[in-house]
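Read the structure below first, then the notes.
Residues take their numbers from the sequence shown, with the count starting at 1. Computed over heavy atoms, backbone and side chain alike; hydrogens, waters and symmetry mates excluded.
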Amino acid sequence: MKNYVFYFLVGSQYLYGPEAIEQVNADAEKIAAGLNENPLIPCRVVCKPCAKTSAEVSALAAGANADENCAGVITWMHTFSPSKMWIAGLSALRKPYLHVNTQFNRDIPWETIDMDFMNLNQSAHGDREHGYIAARLRLPRKVIAGHWQAEEFARETGEWMRAAVGALESKRLRVLRISDNMRDVAVTEGDKIEAQIKLGWQVDHFGAGDIADAVDSVDSAEIDGQMEEYRRHYILDTDDIEAVKYQARLQVALNKFLVQGGFGAFHTNFQDLHGLRQLPGLAVQDLSRRGYGFAAEGDWKTAALVRVMKLMAAGKGGGTAFMEDYTYHFEPGNEMILGAHMLEVCPTLAAEKPKIQVHPLGIGGKEPPARAVFKAKAGKAIVASLVDMGNRLRLIVNDIECVEQPYDMPKLPVARVLWKPAPSLKTSAEAWILAGGAHHSALSFDLTAGQMADFAEMCGIEFLHIGEDTAIPDFRKELFYNDMAWRVNG
C-alpha cells in the first residue's frame with residue numbers, strides 16, 4: 001500500500017503575508033509527517049506547497065492526474081482560501097477527492113489567542129468556503145472532520161484511502177473470460193462496455209481450448225514446484241496424488257496465462273471444460289490466495305469485484321473471497337446462511353490450515369477434482385454484489401457476522417462459511433432480492449460498507465446498503481428514489 005501516494009493540497013492566499021505562508025507550509029508538512037507515521041494510514045501522504053492562486057491549484061491537479069502512483073488528493077484550507085481559485089483545478093481533477101476539515105492545533109489557546117492567530121488558523125472558516133465550491137460543482141467527494149491526530153480521523157482517512165486505491169486499480173484491471181456465461185443465467189451477464197467506461201475493467205474472452213493447450217505445455221518440474229507450494233500452505237489429506245498434481249498443472253498453466261496477458265481476475269465455466277480433465281478447483285483457490293480475483297460460471301463482474309476488493313484490503317489479513325449463497329438455516333432466533341461453492345472459495349477465509357481432498361463433483365462430467373476444504377473463521381464481514389440494471393451498475397452490500405461452525409458436514413467436502421446477515425435473515429434476504437442482488441458475491445472480513453460506498457461514488461455507480469438499520473418499507477422507497485434519480489442523471 002505504501003507504493004500509493006495521496007497529494008496533500010493546502011489552501012491559503014497572499015493576503016496574510018509571507019510569514020503566514022511559511023507557517024502554513026510548515027504546519028502542513030508536520031501534519032503530513034504525522035499521518036505517515038500513523039499505522040492507521042496505509043498509503044503515503046505527499047505534502048505539496050500551499051496553493052495561493054488558480055494557476056497553482058490547476059498545476060497541482062494536473063500533477064496528480066499525471067502521477068500513476070497518485071491514488072487521490074486530500075485538500076485542507078489552513079486559512080481562508082477563496083474558492084473561485086479552485087474551480088479550474090477541481091473541474092479538471094480526475095482522481096478521488098477527500099476534503100478534510102481539520103486544523104493544526106487541537107485546542108483554542110484561551111489565554112493567548114489574538115487576531116494574528118485567528119487570521120492564520122481559519123479552517124473552520126476556509127473549509128466552508130472550499131466546501132461550497134465543491135458542492136456547487138457537484139463533485140463526488142468525501143468530507144472528514146476532526147483533529148488530524150485523533151484516532152477516528154486517521155481511521156476514516158485510512159479507510160477512504162483504501163477505497164481510492166480500489167478505484168485506481170479498477171481502472172487498470174484486465175479480466176480473463178475462460179469461455180462464456182453459464183447458459184440461461186441472467187445475473188452474471190452485463191454490459192462490458194459500460195463496466196469499462198465506469199470501472200475501467202477490460203474484459204477479454206479466451207476459449208477453454210486455449211487453456212487446455214497451455215495445460216498440455218506444463219512440464220514435470222513446474223508441477224513439482226507447485227506441489228511444494230501446496231505442501232507449505234495446506235494439509236495433504238488424500239491418497240489420490242495424481243488428482244492433486246493435475247490441479248498443480250492447471251495452476252501453472254493458468255498462472256502463465258494470467259501473467260502473460262496482464263490479467264488480475266478470471267472466471268471458469270463448468271459447462272465448458274473442453275480439453276480439461278478436471279474443473280479447476282485447488283488451482284483456482286491457490287491463485288485466489290495469491291491475490292487474483294475469481295468467480296465461477298462466467299461471472300466476470302464478481303471476479304473483477306473480488307480482485308478490486310483484495311487490492312483495497314491489501315495487508316489487512318482478514319480475507320476476501322468469491323462467495324455464493326448456498327442454503328438457509330431457519331431455526332427460530334438463530335437464522336443463518338450457509339455460503340460455499342463447488343470448489344473455488346479462497347483459503348484466506350479459513351479458520352485453520354485447509355486440507356486438500358479429492359471427491360467426485362457430480363457436475364461438469366469430469367474427473368473428481370482436488371480442492372481445499374475448510375471452515376471459515378468467525379467475525380464481522382460484508383458481502384457485496386455488483387449487478388447490471390440496464391441504465392446503470394448497482395453495488396449492493398450487506399453487513400454480516402460470520403459464526404463458528406459446530407458441525408463438520410462430512411458429506412459436504414467444500415470450503416464453507418456460515419453467517420448471520422444484518423439486520424436479520426428475513427429482512428436482508430427480502431432487501432437483497434428486491435434490489436436484484438446476485439447469488440454470487442464477494443465476501444470480505446477486511447472491508448466495510450462505508451468503504452464500498454466510497455468506491456461506488458468514486459466510480460459513479462449506484463450503491464445500496466443493507467445493515468442493522470434497514471427496514472423494508474424504507475428500502476423500497478430508496479429503490480424508488482434511486483430509479484427516479486438515475487433516469488434523470490444516469
Side-chain angles (χ1 to χ4, degrees), residues 177-189 207-209 211-212 215 230 234-251 253-254 266-289 294-300 302-303 306 321-330 336-347 349-350 354-376 405 407-419 438-441 443:
R177 302 199 73 199
I178 302 175
S179 185
D180 205 330
N181 291 75
M182 182 179 174
R183 290 186 285 274
D184 295 325
V185 176
V187 76
T188 55
E189 290 281 6
I211 306 302
V215 169
Y230 290 160
Y234 310 96
I235 298 170
L236 200 56
D237 187 31
T238 180
D239 294 328
D240 192 350
I241 303 302
E242 289 305 313
V244 182
K245 284 187 173 181
Y246 188 71
Q247 289 291 322
R249 178 184 287 275
L250 282 170
Q251 181 167 346
L254 284 168
F266 69 107
H267 69 66
T268 56
N269 184 345
F270 70 85
Q271 291 180 321
D272 186 359
L273 299 173
H274 175 75
L276 302 180
R277 287 167 34 200
Q278 298 178 20
L279 175 63
L282 177 61
V284 164
Q285 290 176 292
D286 200 57
L287 286 167
S288 297
R289 178 189 64 81
F294 173 80
E297 300 152 19
D299 189 353
W300 55 270
T302 302
V306 170
F322 162 65
M323 185 49 54
E324 179 174 274
D325 297 65
Y326 242 41
T327 192
Y328 293 140
H329 183 68
F330 275 130
M336 296 180 287
I337 295 176
L338 179 65
H341 206 260
M342 294 182 291
L343 303 172
E344 307 100 337
V345 176
C346 179
L349 304 187
K355 296 179 179 180
I356 295 177
Q357 298 179 354
V358 179
H359 301 276
L361 188 58
I363 196 168
K366 296 291 182 176
E367 296 176 4
R371 80 289 302 268
V373 178
F374 60 85
K375 297 177 183 178
Q405 301 178 41
Y407 302 105
D408 290 332
M409 292 177 270
K411 294 185 178 181
L412 187 66
V414 296
R416 304 183 303 271
V417 188
L418 190 63
W419 72 82
H439 58 287
H440 289 167
S441 61
L443 186 151

Which pair of heavy atoms, one from K355 and one from D237, lies closest together, and at what distance? CD-OD2, 3.7 Å
Scanning both residues in full, the closest heavy-atom pair of L412 with L338 reads CD2-CD2, 4.1 Å
In terms of heavy-atom contacts, does NE2 of H329 have more than 12 from other residues, nucleotides or ligands at under 6.0 Å? yes
Backbone N or O of R416 within a donor-acceptor pair of the Q405 side chain at under 3.5 Å? yes
Nearest heavy atoms of P354 and P347, plus distance in Å: CG-CB, 4.1 Å
Yes or no on side-chain contact (heavy atoms from CB on, under 4.5 Å) for M342 and I363, after CA distance, side-chain angles and deciding distance? CA-CA 9 Å; M342 294 182 291; I363 196 168; 3.2 Å; yes
For the residue pair H440 and H341, categorise the inter-ring angle as parallel (less than 30°), tilted (30 to 60°) or perpendicular (more than 60°). perpendicular
Just how far is it from atom CG of L282 to atom CD1 of I356, taken to the nearest 0.5 Å? 4.5 Å
Would a 4.5 Å heavy-atom cut-off, applied to side chains only, mark F270 and K366 as touching? no
Determine whether L343 and V284 satisfy the following criterion, side-chain contact (heavy atoms from CB on, under 4.5 Å), listing intermediate values before the conclusion. CA-CA 8 Å; L343 303 172; V284 164; over 6 Å; no
I need the full list of side-chain hydrogen bond (donor to acceptor under 3.5 Å, both in side chains) pairs touching residues 241-250, with sequence neighbours left out, sorted by first then second residue. Q247-Q278
I'd like to know if the side chain of Q271 reaches the main chain of R183, judged simply by a donor and an acceptor atom lying under 3.5 Å from each other, with no hydrogens or angles considered. yes
So do Y326 and L418 actually touch side chain to side chain, heavy atoms under 4.5 Å? no
Locate the shortest heavy-atom distance separating L279 from P369; write the atom from each residue and the value. O-CB, 3.7 Å
Between the side chain of T238 and the main-chain N/O of D240, is any donor-acceptor distance below 3.5 Å? yes
Ring-plane angle category for Y230 and Y234, please: parallel below 30°, perpendicular beyond 60°, tilted otherwise. perpendicular
Taking all non-hydrogen atoms of both residues into account, name the closest pair between A321 and C346 and its distance. CB-CB, 3.5 Å
With rounding to the nearest 0.5 angstrom, report the CZ to CG distance, F266 to L287. 5.0 Å
Apply side-chain contact (heavy atoms from CB on, under 4.5 Å) to residues F374 and I235 and explain how you reach the verdict. CA-CA 11 Å; F374 60 85; I235 298 170; over 6 Å; no
Can you measure from CZ (R177) to NE2 (H267) and round to the nearest 0.5 angstrom? 4.0 Å
So, do D272 and D180 sit near enough that their side-chain heavy atoms are less than 4.5 Å apart? no
Can you tell if the side chain of T268 reaches within under 4.5 Å of the side chain of I211, non-hydrogen atoms only? no
Could you grab the distance from atom CD of E344 to atom CZ of F322, nearest 0.5 Å is fine? 6.0 Å
Indicate the atoms forming the closest heavy-atom contact of V417 with A376, along with that distance. CG2-CB, 3.5 Å
For the side chain of R371 and the backbone of V345, is there at least one donor-acceptor N/O pair under 3.5 Å apart? no
D408 and K375, any side-chain heavy atoms less than 4.5 Å apart: yes
Can any side-chain N or O of N269 pair as donor or acceptor with the backbone N or O of G298 at less than 3.5 Å? no
So, Q285 side chain and A372 main chain: donor-acceptor pair closer than 3.5 Å or not? yes
